[in-house]
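Right, one structure below, let's go through it.
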Amino acid sequence: MQLPPPVFRFAPSPNGFLHLGHARSALLNFDLARQSGGRLLLRIEDIDATRCRPEYEQAIYDDLAWLGIAWEEPVRRQSEHLALYREAADRLMRDGLLYPAFESRAEIARLVDAKDRTGPWPRDPDGAPVYPGTGRRLSVAERDRKTVSGAPYALRLDMTEAAARAGILSWTEQGAGPDGETGTVPARPEQWGDVILARKDTPTSYHLSVVIDDALQGVTHIVRGQDLFWATGVHRLLQELLGLPQPIYRHHALVLDEAGQKLSKSTRSTALRDLRAGGTTPAGVRRLVGINQP
Ligand code: GLU
């Protein structure tokens, strides 16, 4: 029996120009797909309407084509599938795993400040303070009153309950985490606390739409930067709660700037289009990111 071909994807957000870090991810996905007789999908992760722009999306197509990368059409644009993500959020809500949290960012920062005074309050793997869970403790009547008043809210996952229902989880890592974690890696979604899965005005979040799309598109291999290594724990949890298959993961080292910092979309010097304008060739980009022509 012949096995179906592996399916890879590159999933950038059109909220800035692609830089060398994206080139490393895209080239790795492209090369691995070709070497394994697999498929490469391109997905535009544009759920954040305030930050995503059509000119950045067009630049993604131009930059990838310039690098010599070919992908399957049609490209999936997340903004065209919001109803699907809403259905999944509704399902988690019905299962009693989501709750509305009404605090603004400033209010959360004040709550965390107060907690920090009595001892260090936990931070998530990205260094942000874990949500203190105040919204989870609101009475049903208070929640209803606030919702009816039109107050904005975020829908947060009751992490303790969700993790208890899903049980012990792990994932298969073919790359490595920041401390060399590889092989079977225990998922630790609790590190993130009650993550936001949707908002009043946006029926989804990165975590929710990424697991739904990867499953729906039949992605078998997820190759992406190490900055998303620990987010994989949340993804495994959501896959389990929503009954979705688990792909194989391969996280690669980030491309760092001269100061040893992660690249940002606002740093011009490492943007692919600026390198191209300055005379760098696609082969030069491959050399810069350490991905040799296979
Ligand atoms: N859209 C995410 C980003 O641009 C990547 C998503 C993923 O690879 O899982 O950082």
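All ligand and atom numbering here is 1-based and tracks the order in the structure. Hydrogens, waters and symmetry mates play no part in the numbers below; they use all other heavy atoms, side chains included.
By the 4.0 Å N-to-carboxylate-O rule, E107 lies too far from R105 to be salt-bridged with it. The residues D214 and R43 are annotated as salt-bridged, a charged nitrogen and a carboxylate oxygen being separated by less than 4.0 angstrom. Looking at D213 and R77, no side-chain N of the basic residue comes within less than 4.0 Å of a carboxylate O on the acidic one, giving no salt bridge.
Which parts of ligand 1 touch S13 is read off a 4.0 Å heavy-atom cut-off, strictly below it: atoms 1 (N), 4 (O). For ligand 1, the atoms sitting less than 4.0 Å from at least one non-hydrogen atom of V210 are 9 (O), numbered in the order shown with element in parentheses.
Remark: minimum distance from atom 5 (C) of ligand 1 to any protein heavy atom is reached at A11 O, 3.4 Å.
Residue H22 does not touch ligand 1, judged by heavy-atom distances below 4.0 Å. At a heavy-atom distance under 4.0 Å, no atom of I222 approaches ligand 1.
For Y206, the closest heavy-atom approach to ligand 1 falls below 4.0 Å.
Between Y131 and W121, the ring centre distance reaches or exceeds 6.0 Å.
There is no protein heavy atom less than 4.0 angstrom from atom 10 (O) of ligand 1.
Atom 1 (N) of ligand 1 has its nearest heavy-atom neighbour, among R224, E45, H251, R9, in E45.
Taken together through direct or relayed side-chain contacts under 4.5 Å among Ile, Leu, Val, Met, Phe, Trp and Tyr, V219 and V210 form part of one hydrophobic cluster.
Each of H235, Q239, R236 was checked for a side chain to side chain donor-acceptor pair (under 3.5 Å) with Q246, and the lone residue meeting it is R236.
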